[in-house]
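The structure under discussion appears below in the form of structure tokens.
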Amino acid sequence: MTKRTTRSLMAMKESGEKIAMLTCYEASFARVMDGVGVDIVLIGDSLGMVVQGNNSTVSVSMDHMVYHTRCVSAGVNEALVLGDMPFGSFHNASLAMGNAARLMAAGAEMVKLEGAGPMIEVVEYLSSRGVSVSGHLGLTPQTAHKLGGFRVQAREKAAARQLLRDAKAVEDAGAQLLILEAIPATLAAEVSTELGIPTIGIGAGAACDGQVLVLHDMLGLVERPPKFVANFMQENDDIESAFRDYVRQVKSGQFPGPEHQYS
């Protein structure tokens with residue numbers, strides 16, 4: 001595998017090759033993921049739940065994200081390193097720029113921020129100043145309390161139309177990637193067709209340009225995983241084989257199956 005860049009991700013979308021992404025929080029797992037062909041490693045603020053043991057992601061600080069980004073980037077040679085902007089770190093342009101710079105200094109090659117609306121201006125500000133940005137729409141975990149919990153989004157027609165408008169606005173603002181979480185598969189397919197940038201689904205069906213899962217979920221370490229999760233340790237003897245199987249199933253279109261998507 002050659003070094004993954006924003007340009008190569010675009011080429012993958014254009015050629016129809018699926019993009020395989022996993023979350024990662026430290027160097028050892030990062031080396032294994034990198035070695036089996038994971039295209040993007042995401043240092044997710046999900047670490048607040050799966051590493052720190054909290055019930056949401058809002059406890060994660062910039063210091064936490066910088067530390068874990070530095071750890072992960074030390075284990076990566078070929079995958080693209082994507083760092084999450086935690087809650088409260090990007091709610092105005094100057095704040096976002098300073099925090100994005102911290103993540104990039106720690107090794108992130110792209111930063112991810114949740115939401116649209118006023119966040120569109122932040123995406124534009126960052127991207128116009130040399131920062132590669134990924135958006136995140138649908139279920140946005142940082143605002144799960146406001147959304148009424150961790151639940152499927154955009155099932156109603158009006159909400160679906162708004163999400164499509166938001167996705168186009170994120171792209172127009174300069175984002176180079178878009179995460180779609182917990183939305184109907186038909187809507188995710190429409191967004192993926194309408195956008196020129198790659199889409200990465202998590203509970204968004206198989207039509208997205210790629211897939212992402214949380215590391216602990218796909219290793220079967222979570223007691224009640226979401227519907228969109230598959231346990232890749234069930235049919236594999238070790239973690240490296242589980243990662244390799246995940247990449248294979250994403251690339252072949254075997255994962256996610258109909259049982260992992262929402263209508």
Side-chain angles (χ1 to χ4, degrees), residues 1-44 46-47 50 68-84 106-112 132 134 136 176-181 188 192 197-221 225 228-257 260-261:
M1 186 174 88
T2 58
K3 175 61 184 174
R4 292 304 192 220
T5 65
T6 55
R7 185 174 181 179
S8 59
L9 295 179
M10 281 294 298
M12 293 172 72
K13 177 181 176 77
E14 291 166 2
S15 69
E17 179 184 353
K18 296 292 187 180
I19 299 165
M21 182 196 299
L22 285 171
T23 69
C24 191
Y25 314 99
E26 53 99 78
S28 297
F29 280 103
R31 290 191 187 97
V32 180
M33 290 180 188
D34 200 53
V36 302
V38 172
D39 298 303
I40 305 172
V41 291
L42 166 63
I43 305 93
S46 49
L47 71 88
V50 298
H68 286 279
T69 298
R70 185 174 292 114
C71 291
V72 169
S73 63
V76 171
N77 291 313
E78 297 181 338
L80 186 141
V81 179
L82 173 57
D84 233 339
E109 296 160 314
M110 177 183 283
V111 301
K112 180 174 77 66
S132 181
S134 169
H136 184 153
Q176 296 176 292
L177 193 72
L178 178 62
I179 310 295
L180 296 171
E181 181 168 357
S192 300
I197 60 174
T199 60
I200 306 293
I202 176 167
C208 295
D209 300 303
Q211 300 293 325
V212 61
L213 285 178
V214 172
L215 167 66
H216 295 65
D217 288 349
M218 61 88 66
L219 293 179
L221 300 177
F228 55 76
V229 170
N231 181 351
F232 285 84
M233 284 299 293
Q234 285 184 327
E235 296 183 4
N236 291 285
D237 295 329
D238 54 62
I239 289 172
E240 180 175 348
S241 298
F243 290 165
R244 195 181 302 277
D245 191 26
Y246 171 76
V247 172
R248 179 187 64 81
Q249 289 196 37
V250 169
K251 298 284 185 182
S252 68
Q254 184 178 346
F255 178 82
H260 303 120
Q261 69 185 29

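- When all heavy atoms of Ser8 and Thr5 are compared, the closest pair comes out as OG-N, 2.7 Å.
- Here the NZ atom belonging to Lys112 is positioned 10.0 Å from the CG atom belonging to Leu178, to the nearest 0.5 angstrom.
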Q: Show your reasoning for whether salt bridge (charged side-chain N to carboxylate O under 4.0 Å, His left out) applies to Glu17 and Lys251.
A: CA-CA 7 Å; Glu17 179 184 353; Lys251 298 284 185 182; 3.0 Å; yes
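- For His216 and Tyr25, the ring centers sit closer than 6.0 Å to each other.
- A side-chain contact (heavy atoms from CB on, under 4.5 Å) with Met21 holds for exactly one of Leu213, Val41, Ile179, Asp39; it is Ile179.
- Annotation for Ala79 and Val38: closest pair CB-O, 3.3 Å, computed over non-hydrogen atoms.
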Q: Please step through side chain to side chain contact (heavy atoms under 4.5 Å, CB included) for the pair Val81 and Met110, ending with a clear verdict.
A: CA-CA 7 Å; Val81 179; Met110 177 183 283; over 6 Å; no
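- Between the Ser15 side chain and the Ala11 main chain, a donor and an acceptor come within less than 3.5 Å of each other.
- Side-chain N or O atoms of Ser73 include one that pairs as donor or acceptor with a backbone N or O of Ala106 at under 3.5 Å.
- Here the closest heavy-atom approach between residue Ala27 and residue Cys71 is recorded as CB-O, 3.2 Å.
- Salt bridge annotation for Lys3-Glu109: present, with a cationic side-chain nitrogen under 4.0 angstrom from a carboxylate oxygen.
- Applying the side chain to side chain donor-acceptor pair (under 3.5 Å) test to Glu14 and every residue at least two apart in sequence or in another chain returns nothing.
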Q | Steps toward side chain to side chain contact (heavy atoms under 4.5 Å, CB included) verdict (Thr23, Asp84) | A | CA-CA 10 Å; Thr23 69; Asp84 233 339; over 6 Å; no
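- Note that OG of Ser132 is 7.0 Å distant from CG of Leu80, once rounded to the nearest 0.5 Å.
- At distances below 3.5 Å, not a single donor-acceptor pair connects side-chain atoms of Gln211 with backbone N or O atoms of Gln249.
- Between Val247 and Leu22 the shortest side-chain heavy-atom distance does not fall below 4.5 Å.
- Panel note: side chain Ser241, backbone Asp237; no donor-acceptor pair is recorded below 3.5 Å.
- At least one donor-acceptor pair under 3.5 Å links the side chain of Asn231 to the backbone N or O of Met233.
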Q: Show your working on side-chain hydrogen bond (donor to acceptor under 3.5 Å, both in side chains) between Ser192 and Asp209 and close with a plain yes or no.
A: CA-CA 7 Å; Ser192 300; Asp209 300 303; 4.6 Å; no
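- Summarising the geometry, atom CG belonging to Leu219 is positioned 11.5 Å from atom OH belonging to Tyr246; distances are rounded to the nearest 0.5 Å.
- Here the shortest heavy-atom pairing between Ala30 and Cys24 reads N-SG, 3.4 Å.
- Ring centroids of Phe232 and Phe255 are separated by less than 6.0 Å, placing the two rings close together.
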Q | From CA spacing to verdict: side-chain hydrogen bond (donor to acceptor under 3.5 Å, both in side chains), His68, Glu26 | A | CA-CA 6 Å; His68 286 279; Glu26 53 99 78; over 6 Å; no
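- In plain terms, the two heavy atoms of Ala230 and His260 that are nearest each other are CB-NE2, 3.8 Å.
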Q: Take Ile40 and Ile19 through the test side chain to side chain contact (heavy atoms under 4.5 Å, CB included) and record every step on the way to the result.
A: CA-CA 8 Å; Ile40 305 172; Ile19 299 165; 3.8 Å; yes
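- Once rounded to the nearest 0.5 Å, the distance linking OG of Ser28 with CD1 of Ile239 reads 10.0 Å.
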Q. Is there a side chain to side chain contact (heavy atoms under 4.5 Å, CB included) between Ile202 and Ile200 once you walk through the steps?
A. CA-CA 7 Å; Ile202 176 167; Ile200 306 293; over 6 Å; no
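- Using a 4.5 Å heavy-atom cutoff, the side chains of Ile43 and Leu82 are not in contact.
- Separating the CE atom in Met10 from the CG atom in Leu177 is a distance of 10.5 Å, to the nearest 0.5 Å.
- Note that NZ of Lys18 and NZ of Lys13 are 9.0 Å apart. Values are rounded to the nearest 0.5 Å.
- Residues Thr69 and Ala108 approach most closely at CG2-N, 3.7 Å, considering heavy atoms.
- Ion pairing of Arg31 with Asp34 is absent here, as no side-chain N (NZ or NE/NH1/NH2) approaches a carboxylate O to less than 4.0 Å.
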